[in-house]
Structures are given as structure tokens and as C-alpha cells.
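In what follows, a single structure is set out as C-alpha cells and then discussed.
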Amino acid sequence: GRAWKCAELRLKSFDDLHKLWWLCLKERNRLLSQQADAKRFQFMFPKQAHLNEIRKTMRRIKLVVWERKIAYFQAKEIYEKENLRTPLWEQGIKDPAVIDAAVLEKFPPLTSNLLTPKQKQDLRRELKGWKTPSRFASTLETRGRKRAGRKQAKKNTRWFVV
């Protein structure tokens, strides 16, 4: 079929997302095994589009789970700030500026520190639909080209992990 859309995945429970992740993982591993066999025997691999759909779905599941994690931490921050405001109000401190200053002193903004720079970059790329190439595959192809250039072996030498 087609890849799941983020809007559809946002409606699913965590357990459903967990089950779907493992189904996609099994399917992806099965397809990658078939692809490796096809390369080994020099056959055409006809299911590349299906493999791409599985990868899209897995990326989108990760994105939805990450959005939920961010929302959880933001909600937790709001809850803790409100729990700090209430006792100050009950103690007779009515000035909102004083209460806000006390809250900021106790709880500096978490949302800016929630993501590491690498995670922010990955999230931006994921939202734009940017596809990250496999680092392992590119490393192997680079090694193959360097080796072919040094030894003057066959042209277009490629290394495959089977």
C-alpha cells in the first residue's frame, strides 16, 4: 500500500504506533534481505518503491512520537509553573511581575534547551521531507571507489554487505 500520513499517525495510540513500528521493521528487514539477494545474484529488485514507503512510514512514526515527547515536556513545564504560582498567590503576593520573576528564577525556559542542535536539525529536515542518505552505504561506495582508483582494478567497483 502507501505510506502512513502524519495526520493519520497522530490519531493512533502509543501502543498502535509501537505495533506499527515493529511491523514496518520486520517488513523493511525482509525487503532489505531480498534486495541483498537480488544484488548478489545480479537480479533486478522490483520492490524499491515499497521499501521507500516503509522507510517514510518509519520516519513519520518517529516524528509523531517526538512531537508527543515535546508536548509532554511542555505540558509538564506549564503544570510545574502553575504549581509554583498558586502557593505564592496564597502567601499574599498579588503582583504578577513578582510571581513571574519567581517562576522564571525557579524554572528557566525548558523549550529552548529541550532539543540538542543535532535533533533540531534532524527535526527541521524531517518536517521539510528531506531524505537523509544512508551514511553506511555512502561510506562503502566511497571506499570502493578509492580502492579501485589506487589499485587500478575494475571500474565502478562496489562493495555490498550481504
Side-chain angles (χ1 to χ4, degrees), residues 1-83 104 107-162:
R2 61 173 178 78
W4 285 74
K5 295 180 181 176
C6 285
E8 296 169 339
L9 293 171
R10 287 184 186 107
L11 300 175
K12 298 290 182 186
S13 68
F14 179 78
D15 290 335
D16 290 342
L17 290 176
H18 186 74
K19 290 174 189 174
L20 183 59
W21 174 266
W22 285 105
L23 283 172
C24 289
L25 187 68
K26 283 183 188 178
E27 182 71 12
R28 189 188 71 172
N29 286 342
R30 185 180 64 79
L31 289 172
L32 287 174
S33 296
Q34 289 177 359
Q35 185 181 38
D37 287 343
K39 283 181 182 178
R40 185 174 50 199
F41 296 114
Q42 298 176 350
F43 292 136
M44 187 183 88
F45 181 65
K47 298 180 182 178
Q48 188 62 41
H50 186 59
L51 186 59
N52 292 339
E53 298 297 318
I54 296 291
R55 286 180 178 151
K56 266 190 214 175
T57 298
M58 292 179 79
R59 282 197 316 265
R60 290 174 181 169
I61 290 171
K62 284 175 74 172
L63 179 67
V64 168
V65 170
W66 190 251
E67 288 173 347
R68 288 181 185 182
K69 182 179 180 181
I70 291 171
Y72 167 76
F73 282 116
Q74 289 173 344
K76 184 179 175 184
E77 180 182 4
I78 291 169
Y79 177 76
E80 289 173 352
K81 283 182 180 180
E82 288 304 315
N83 279 347
L104 283 175
F107 295 102
L110 284 176
T111 52
S112 62
N113 299 329
L114 187 61
L115 301 175
T116 64
K118 173 78 172 123
Q119 291 169 334
K120 287 179 185 177
Q121 182 183 19
D122 289 345
L123 188 59
R124 270 190 235 111
R125 287 179 178 168
E126 189 68 41
L127 291 172
K128 289 181 183 177
W130 188 81
K131 184 179 176 186
T132 308
S134 169
R135 284 185 234 144
F136 187 67
S138 64
T139 304
L140 289 176
E141 287 179 15
T142 305
R143 282 188 206 152
R145 272 188 260 133
K146 285 181 182 175
R147 185 175 182 137
R150 275 184 298 193
K151 291 192 171 184
Q152 306 261 333
K154 298 180 199 175
K155 290 183 181 178
N156 300 328
T157 302
R158 290 193 172 205
W159 297 45
F160 297 107
V161 178
V162 181

What distance do [X] atom [atom1] and [Y] atom [atom2] have between them, rounded to the nearest 0.5 Å?
{"X": "Arg28", "Y": "Arg55", "atom1": "CZ", "atom2": "CZ", "value": "7.0 Å"}
{"X": "Leu31", "Y": "Cys24", "atom1": "CG", "atom2": "SG", "value": "10.5 Å"}
{"X": "Lys76", "Y": "Phe73", "atom1": "NZ", "atom2": "CZ", "value": "6.0 Å"}
{"X": "Arg60", "Y": "Arg10", "atom1": "CZ", "atom2": "CZ", "value": "10.0 Å"}
{"X": "Thr57", "Y": "Leu23", "atom1": "OG1", "atom2": "CG", "value": "11.0 Å"}
{"X": "Gln35", "Y": "Leu51", "atom1": "CD", "atom2": "CG", "value": "6.0 Å"}

Output, in order, the C-alpha distance, side-chain angles, deciding distance and verdict of side chain to side chain contact (heavy atoms under 4.5 Å, CB included) for Lys62 and Trp21.
-> CA-CA 9 Å; Lys62 284 175 74 172; Trp21 174 266; 3.7 Å; yes
Residue set satisfying side-chain hydrogen bond (donor to acceptor under 3.5 Å, both in side chains) with Asn29, at least two apart, ordered chain then number -> none
Who pairs with Arg30 by side-chain hydrogen bond (donor to acceptor under 3.5 Å, both in side chains), at least two apart in sequence or on another chain?
-> Glu27
How about [X] and [Y]: do any of their side-chain heavy atoms sit closer than 4.5 Å?
{"X": "Lys81", "Y": "Ile78", "answer": "no"}
{"X": "Leu20", "Y": "Lys12", "answer": "no"}
{"X": "Gln34", "Y": "Phe45", "answer": "yes"}

Please name the residue in the list Leu63, Ile61, Asp16, Val65 that meets the side chain to side chain contact (heavy atoms under 4.5 Å, CB included) test with Leu9.
-> Ile61
Ignoring hydrogens and angles, tell me if any N or O in the side chain of Glu80 forms a donor-acceptor pair with the backbone of Glu77 under 3.5 Å.
-> no
Report yes or no: does Glu53 contribute a side-chain atom to a donor-acceptor pair with the main-chain N or O of Arg2 at less than 3.5 Å?
-> no
So, for Ala3 and Lys56, which heavy atoms are closest and what is the spacing to 0.1 Å?
-> CB-CB, 3.9 Å
Parallel, tilted or perpendicular: which describes the rings of His18 and Trp22, with under 30° parallel and over 60° perpendicular?
-> perpendicular
